[in-house]
Each structure stands twice: as C-alpha cells, then as structure tokens.
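All chains are named by letter (A, B, ...) in the order of the sequence lines, taking the proteins before the strands, and each is independently numbered beginning at 1.
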Amino acid sequence: MNCDECHPHLIDHAHDELSSAQVGPVSRHLAKCSSCALEFCQLRADLDGVAQVYNDSPGVQTAARLRHRIAAHFAPSRGQRVLRVLRRPIPAYGALAAAAVPIAIWFGLSASEPGLATTTPTELGPVVIEQYDGRGLISLDPHLL
Amino acid sequence: MTSDEELLSALRAGDLAAFDVLYGRYERRLFGYIQRMLGDEERAKDLLQDVVFTVVTDETFDPERGRFGAWLFTVARNRCRQLTRQVEQRGAKEHLLDTTPKPAIDVEATLDRTRNVRTAMAALTEPQRQLLLLKQVGEMTYREIGAALGVAEGTIKSRLHDATRALRRQLVALGETQ
C-alpha cells in the first residue's frame with residue numbers, strides 16, 4: 001500500500017471504522033511512512049480531544065437522585081428478596097453443607113451401635129452359685145448379663 | 001467484563017449494583033453530550049436523569065437489535081431536540097443551543113487545547129457537530145448513527161469525513177498543529 005492508497009482510509013482508521021481486512025495494510029503503511037503516520041496522529045488527537053472536552057461529571061447529587069428513582073422503580077418485593085438471598089451463591093452455604101455431612105455420619109453411627117452396658121454392679125444383685133463343681137463356667141441368670 | 005445488556009437485565013431483575021456499573025460507564029460522556037446539546041448545565045442534569053430513567057425502564061429495548069450505548073445516545077439526542085424545539089417555540093431560543101463555547105468549566109480557562117477544541121467545534125455546522133459528538137462522545141458506529149438519523153451508512157461516512165476535515169482545518173487555524 002502506498003500513500004495514495006492509504007490516505008482515503010486515514011479518517012476511517014481514526015474513527016475505528018476500518019474492516020479487519022483493511023486494518024493490517026493501513027497499519028503496516030503507517031509503520032513505515034512518517035508523513036501518513038503524522039497525519040493519522042493529528043486526526044486521532046483531534047477526535048480524542050472532542051471526546052475529552054465533552055466529558056463532564058453531572059455531580060454526585062444528580063447521581064444520587066437518579067439512583068433513588070431507579071431504586072424506587074426496581075425495588076423487589078419481599079418474596080423476591082427472600083428468593084434472591086436463597087439463590088445467592090454464598091460460600092458459607094458450602095461450608096455449612098460440608099460441616100453437616102460429618103455430623104450426620106456421626107449421628108448415624110451412634111444410633112446404629114449396640115448399647116454399651118450401663119448397669120451398675122448394685123443393680124445386678126447377688127450372684128447365686130449353686131452346685132458349682134469348679135470345672136465349668138459359672139451358671140448365671142441370663143438376664144443379669 | 002459484563003456487557004451493558006447483561007447489566008441492564010440484572011438491573012431489571014432488581015440488582016441495583018448493576019445500575020451503578022452501567023451508570024458509571026456512561027455518566028460523563030452522556031452528560032457531556034447533553035450539556036453540549038443544550039448549553040445549560042442544570043437542564044442537562046435534569047435531562048440526563050430523564051434519559052437514563054427512560055432507557056432503563058423501557059422494556060421495549062431488544063439487545064438483539066442494537067447496543068445499549070447507541071440506544072442511550074439516540075434517546076438522548078431525540079430528547080435534546082424535543083426540548084430544544086419546545087424552548088424555541090416559547091421564544092427562549094437564546095437560552096439553549098448557544099454555539100459559543102461555554103466558559104464555566106475551569107479546565108477550559110487553563111488548557112489551550114480544550115479551549116481550541118471547543119472553539120473549533122463551535123465553528124462547525126450543527127450537523128457536523130452532531131455527527132462528531134455521536135461518533136466520538138457517543139462512541140456510535142457509522143451504521144448506528146445512520147440508523148439513529150434515518151440516513152444511509154455511506155452518507156454518514158461521507159459527512160463524517162467532511163466534519164473531521166473541517167475540525168482539523170479549524171484547529172490548524174487556531175494554531176493547533178498536533
């Protein structure tokens with residue numbers, strides 16, 4: 001691309017309106033042609049100046065008043081607020097669920113274990129040994145075991 | 001980065017944080033544009049609120065048919081014209097559409113560049129100024145400007161070329177070389 005071919009594209013390039021197929025050749029020409037590059041930079045500076053000049057803040061009061069109107073218009077109902085809280089992906093929900101699993105397992109295991117003997121010796125009463133010959137096990141009343 | 005259209009959807013679902021982000025993206029540019037169109041800071045503040053409120057509460061916006069930003073500036077332009085016509089009808093034309101540079105901004109007094117750009121813009125014709133504002137401040141494409149003004153894209157391109165060259169000539173005449 002030479003200067004004559006590049007020149008008609010400079011304004012479009014400054015406006016970011018060149019197609020992707022056109023940007024490459026124009027950019028390559030600008031990289032090697034100082035005259036076209038200078039003209040392009042001037043155009044860009046002019047247009048950037050326009051964007052910068054008309055760039056003012058309306059102030060915080062205007063923003064606050066507008067936000068108040070917007071909030072009043074889009075204020076969600078009570079039901080929507082509750083639903084939103086429940087749907088919110090809070091990491092605490094995950095932590096809570098993770099903590100609940102081992103607790104549930106512990107409860108489950110506790111419930112399924114056979115009960116340990118909790119009787120005290122005083123509840124057993126006296127052990128009666130009848131006709132023990134010293135060779136076998138002592139025969140005890142089964143309900144005491 | 002979340003798109004404008006996604007933020008708008010979130011806002012319509014009641015997420016006010018989405019509005020803060022969306023407003024932050026357009027606040028300064030939109031206000032600068034409206035202020036330039038009306039030439040009156042207080043009216044511009046009121047109109048800014050009306051435009052933003054109208055746009056975000058208008059359920060007819062279809063993201064499939066265009067960008068939020070282009071729609072916002074199109075509405076702003078129409079409202080500015082509407083207001084200007086109303087004021088003109090009331091015989092208060094001198095209050096609005098003052099094409100002389102606005103001297104109220106501090107930076108203008110201290111920066112030659114800013115003053116020169118304002119002066120050069122004021123020297124352009126109103127259609128040329130409009131096109132440059134919509135392109136540079138509104139960041140609209142040729143196609144979007146064409147759709148907003150009801151003019152062919154090629155015509156917009158040609159007119160913007162003329163406006164850009166005219167701006168350059170004015171700046172050169174004011175001593176701006178770069």
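- A single hydrophobic cluster is not seen to contain both F40(A) and L160(B); linkage of ILVMFWY side chains at heavy-atom distances under 4.5 Å, directly or through other members, places them apart.
- L16(B) approaches A71(A) most closely through the heavy-atom pair CD1-CB, 3.5 Å.
- Contact of R44(A) with chain B is not made at all, since no heavy-atom distance falls under 4.5 Å.
- Counting heavy-atom pairs closer than 4.5 Å to chain A, the top-ranked of the candidates L11(B), V137(B), L132(B) is L11(B).
- Note on K45(B) versus D56(A): no salt bridge recorded, every NZ/NE/NH1/NH2 to OD/OE distance being 4.0 Å or above.
- Residues of residues 10-28 of chain A that come within less than 4.5 angstrom of chain B, heavy atom to heavy atom, are I11(A), D12(A), H15(A), E17(A) in numerical order.
- With respect to chain A, the highest number of heavy-atom pairs below 4.5 Å among L167(B), L48(B), T57(B) belongs to T57(B).
- In this structure the side chain of L66(A) reaches within 4.5 angstrom of the side chain of F19(B), judged on heavy atoms.
- When each of R67(A), Q52(A), Q61(A) is scored by its heavy-atom pairs under 4.5 Å with chain B, the top score falls to R67(A).
- For a residue to count as touching a neighbouring chain, one of its non-hydrogen atoms must lie under 4.5 Å from one of that chain's; by this rule F53(B) touches chain A with backbone and side chain alike.
- Residues of residues 1-9 of chain A lying under 4.5 angstrom from chain B, judged on non-hydrogen atoms, are P8(A) by number.
- Ranked by non-hydrogen atom pairs under 4.5 Å with chain B, the options H73(A), R69(A), R65(A) are led by R69(A).
- With Y54(A) as the partner, the side-chain contact (heavy atoms from CB on, under 4.5 Å) test is satisfied by one option alone out of Q136(B), M37(B), R118(B), Q35(B): R118(B).
- Contacts from residues 143-157 of chain B to chain A, taken as heavy-atom pairs separated by less than 4.5 Å, involve K157(B) in sequence order.
- Note on Y142(B) and L43(A): separate hydrophobic clusters, where clusters join Ile, Leu, Val, Met, Phe, Trp and Tyr whose side-chain heavy atoms are under 4.5 Å apart, directly or indirectly.
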Give the C-alpha distance, both sets of side-chain angles, the deciding distance and a yes or no for side chain to side chain contact (heavy atoms under 4.5 Å, CB included) between E42(B) and T62(A). CA-CA 10 Å; E42(B) 288 309 310; T62(A) 302; over 6 Å; no
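- Residues of residues 20-30 of chain B lying within less than 4.5 angstrom of chain A, judged on heavy atoms, are D20(B), Y23(B), E27(B), R28(B), R29(B) in numerical order.
- In the hydrophobic clustering of ILVMFWY residues, with side-chain heavy atoms under 4.5 Å counting as a link, L109(A) and W106(A) come out apart.
- For the atom pair OG1 (T164(B)) and CG (D46(A)), the distance works out to 8.5 Å, reported to the nearest 0.5 Å.
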